[in-house]
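Values in this document were obtained by computation on a predicted structure and should not be read as measured data. Order of the sequence lines fixes the chain letters, A, B, ..., with proteins taken first and strands second; residue numbering starts at 1 for each chain.
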Amino acid sequence: MCFINLISLRKSSFFQQNAQNAFKVRLSIKTALGDNAYAWDANEEYLFKAMVAFAMRRYSSKSTTQISDVLLCNVTDRVSFWFVVTDSSQNMTTVPGSVVEAAIRMNRNRINSAFLLSDKTLQFLKITSTLSPPVEPSTPVWLIVFGVVLCLIVAGIVFLVVAGIQQRKKKNKESTERENLEEKGEVTVTVENGIPCEALDLKAGHINGVFAADDERFTSL
Amino acid sequence: GFLIPYFIMLIAEGMPLLYLELAVGQRMRRGSIGAWKIISPYLCGVGVASVIVSFFLSMYYNVINAWAFWYLFHSFQDPLPWATCPLNSNRTGYEDECEKTSSTQYFWYRQTLNISPSLEASGNVQWEQALCLTLAWLVVYLCILRGTESTGKVVYVTASLPYCVLIIYLIRGLTLHGAVNGLVYMFTPKLEQLSNPKTWISAATQIFFSLGLGFGSLIAFASYNEPTNNCERHAIIVSLINSTTSIFASIVTFSIYGFKATFNYESCINKVILLLLNAFDLEEGSLTADNLNEMKDYLMATHPQEYAQLSPQLKNCSLEAELDTAVQGTGLAFIVYSEAIKNMEVPQLYSVLYFVMLLMLGIGSMLGNTAAILTPLTDSRVIATRFPKEVISGVVCFINCVIGLIFTMEAGNYWFDIFNDYAATLSLLLIVLVETIAVCYIYGIRRFEKDLYTMIGRKPNWYWKIMWAFASPLLIISLFIFYLTDYILTGTLQYQAWDATQGQLVTKDYPSYALAVIGLLVAASTMCIPLGALVTFIRKRLKRE
């Protein structure tokens with residue numbers, strides 16, 4: 001019956017209009033459900049017709065679409081088919097595509113969940129779905145982490161600089177004290193070449209085993 | 001395939017030159033400028049050239065750390081921001097540019113760099129990148145603040161943490177699906193590549209960069225050693241540890257790379273299968289990866305017209321092609337790894353680990369570079385007596401940070417590539433060549449032997465002497481010749497620019513001022529050597545008169 005109807009619709013002078021009013025549907029049941037996939041048979045088709053009729057009724061309260069008004073055609077192994085919605089009260093004319101589209105859009109989740117599928121696995125080829133945007137917090141997350149790390153680093157720098165200044169002040173005070181004591185001749189300080197030994201901070205005194213033992217460098221990319 | 005030139009270069013160049021630099025630093029007890037002045041007064045230019053190369057390197061290298069910080073901070077989201085494309089303005093699909101290329105490339109080129117279509121279109125400074133760059137420089141300043149004592153402690157962390165992360169990644173990487181493909185690719189020698197001189201050049205520059213030869217940082221660090229330190233043993237140990245680490249890291253890299261290539265290959269095949277299923281309304285599951293080729297022939301025979309219509313969209317998926325996509329340039333490293341990470345389970349954890357490791361390595365390198373610059377400055381009595389070392393380090397970091405803001409502009413990545421390709425490579429070869437010739441022939445290899453005998457108590461054996469006197473200089477000269485002939489043959493220099501409308505890289509010529517900058521970069525360091533000799537010569541003449 002489906003083919004006869006489609007052929008008759010095509011032969012009619014409303015060919016253009018009817019071609020616009022038909023929608024192709026594609027289901028990817030095995031991709032979505034894997035081992036739990038159900039087979040597509042006449043019962044599933046009945047459910048589909050029921051859902052489309054439900055969508056039409058829900059969209060417009062005046063609508064009196066019956067399950068028998070929804071015509072499915074050309075079901076393939078892919079599980080894809082065409083469908084049109086006819087209006088039985090007006091002598092088998094097809095309902096305009098824009099109305100069907102709006103109805104389906106409004107009830108998309110209900111239709112999807114009836115078949116345990118999603119927007120991607122139950123595709124209405126002419127009806128694009130609006131994608132939901134990702135949730136964005138008010139302050140970007142990266143700025144928060146950046147702020148935390150920045151504060152830690154600045155605190156470290158300030159601490160080291162202040163410690164360095166204090167150390168230098170202490171050293172200056174010690175050396176002036178020592179000079180005063182030296183003038184009084186009370187402290188014997190080991191002196192080499194006119195420089196007190198403690199003040200010597202030669203490179204030769206420090207062994208940096210870290211560099212000698214492990215010198216990993218980032219290889220140029 | 002890269003392993004053979006790598007090992008040959010290591011034995012011929014890496015170990016001897018490392019030993020040479022460590023010995024020079026330890027004996028002369030000065031940074032690079034002072035050390036070469038002692039070897040021969042005409043060679044003060046070599047030290048200055050090293051410092052200039054280190055200066056250029058520190059200018060642009062910290063930008064990599066800034067990028068690593070950026071990715072690290074963005075790893076704390078679910079899902080990762082580079083995992084999916086953002087939606088376009090009317091929410092019906094994804095952004096155009098992101099559709100044409102992949103989401104990871106879009107994140108790198110658009111959201112990280114906000115790259116402009118060419119070098120001439122400079123654009124504005126990206127404040128997010130500028131912030132990350134400032135943070136990177138603050139971290140470096142924190143580490144070098146107190147001089148080499150504090151640097152020494154920091155390096156304990158920055159050197160050991162990457163090993164931990166690499167081990168975690170090794171375990172994770174080897175258990176990934178498709179990792180074996182990457183490993184097989186890495187270990188199969190490609191003999192035709194061996195005949196290409198570019199492979200040898202890149203092996204040599206790899207060794208130079210990873211060991212840090214020619215930058216002056218090794219001399220600087222060695223000058224802090226005790227005079228009786230056994231630098232021969234250290235040189236061997238360091239270069240062996242360095243190579244094993246490189247091999248270890250490349251095993252990890254290639255296993256992850258194999259995973260990414262296999263994943264992309266399988267997605268490509270799945271896309272082709274879906275396309276065919278939808279076009280011919282075949283049952284789901286009738287087309288699999290195994291029977292794809294036969295089914296394609298069958299469909300071509302039974303439905304020739306529709307198949308012909310469809311064929312421009314059917315891509316030929318090839319695992320080899322995926323593995324061959326050249327891993328070059330810093331940007332590609334970020335793209336490849338972020339792409340591999342987004343497909344793992346718990347990607348946030350692996351992402352954080354990876355970028356922390358990258359940061360540790362980058363900061364470790366920066367410490368070496370800044371030490372190479374600071375040691376001559378703190379050695380010179382003119383500057384060191386007037387300013388405390390905190391101020392000197394601060395000024396150096398500040399100047400570098402301000403100059404580094406160039407690389408945060410929209411065209412910044414192109415300037416970065418210029419610096420990356422030209423600032424160090426040629427000058428390093430020349431500096432290392434002059435170093436070897438200077439120590440062997442100008443200073444005299446016998447004098448050097450005696451110095452080593454006083455330091456270690458053992459004269460260097462014939463392997464070291466042959467390498468220093470003949471093999472290394474010859475090898476470097478031949479590399480130099482290859483490099484120059486390659487440049488002359490290819491003519492003008494070109495760069496890869498990102499075309500947003502096509503979603504891929506296109507080749508463009510450098511404008512004249514960019515070529516001038518390249519020339520300046522190379523000349524600034526290489527000209528120092530003859531200039532230094534000339535200046536000393538003139539000074540001596542004037543003194544005599």
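Heavy atoms closer than 4.5 Å to chain A are found in both the backbone and the side chain of B:N278. Contacts of B:E128 with chain A are made by both backbone and side-chain atoms, with heavy-atom separations under 4.5 Å. In this structure, no portion of A:V79 lies under 4.5 Å from any heavy atom of chain B. Contacts between A:L125 and chain B at a heavy-atom distance below 4.5 Å are absent for every atom of the residue. When heavy atoms are compared at a cutoff of 4.5 Å, B:L145 approaches chain A solely by way of its side chain, counted from C-beta outward. At a 4.5 Å heavy-atom cutoff, the contact between A:A163 and chain B is made by backbone and side-chain atoms alike.
In terms of heavy-atom proximity, B:L138 sits nearest to A:I157 at O-CD1, 3.5 Å. Here the closest heavy-atom approach between residue B:E390 and residue A:G164 is recorded as OE2-CA, 4.1 Å.
Within a 6.0 Å sphere centred on OH of A:Y46, other residues, nucleotides and ligands contribute 12 heavy atoms or fewer. Crowding of B:R233 atom CZ: a count of heavy atoms from other residues, nucleotides or ligands under 6.0 Å not exceeding 12. Around atom NZ of A:K24, more than 12 heavy atoms belonging to other residues, nucleotides or ligands sit under 6.0 Å away. Sparse packing is recorded around CZ of A:F159, with 12 or fewer heavy atoms of other residues, nucleotides or ligands lying under 6.0 Å away.
Once rounded to the nearest 0.5 Å, the distance linking CD1 of A:I153 with CH2 of B:W137 reads 14.5 Å. The CG atom of B:L274 sits 6.0 Å away from the CZ atom of A:R78 when rounded to the nearest 0.5 Å. Taking CG of A:D77 as the start and CZ of B:F280 as the end, the distance is 14.5 Å to the nearest 0.5 Å.
By number of non-hydrogen pairs under 4.5 angstrom with chain A, the leading residue of B:L131, B:I207, B:V139 is B:L131.
Put simply, the side chain of B:W70 reaches to within 4.5 Å of the side chain of A:W142, judged on heavy atoms. Contact annotation: the side chain of B:F73 approaches that of A:V149 to within less than 4.5 Å [non-hydrogen atoms, C-beta and beyond].
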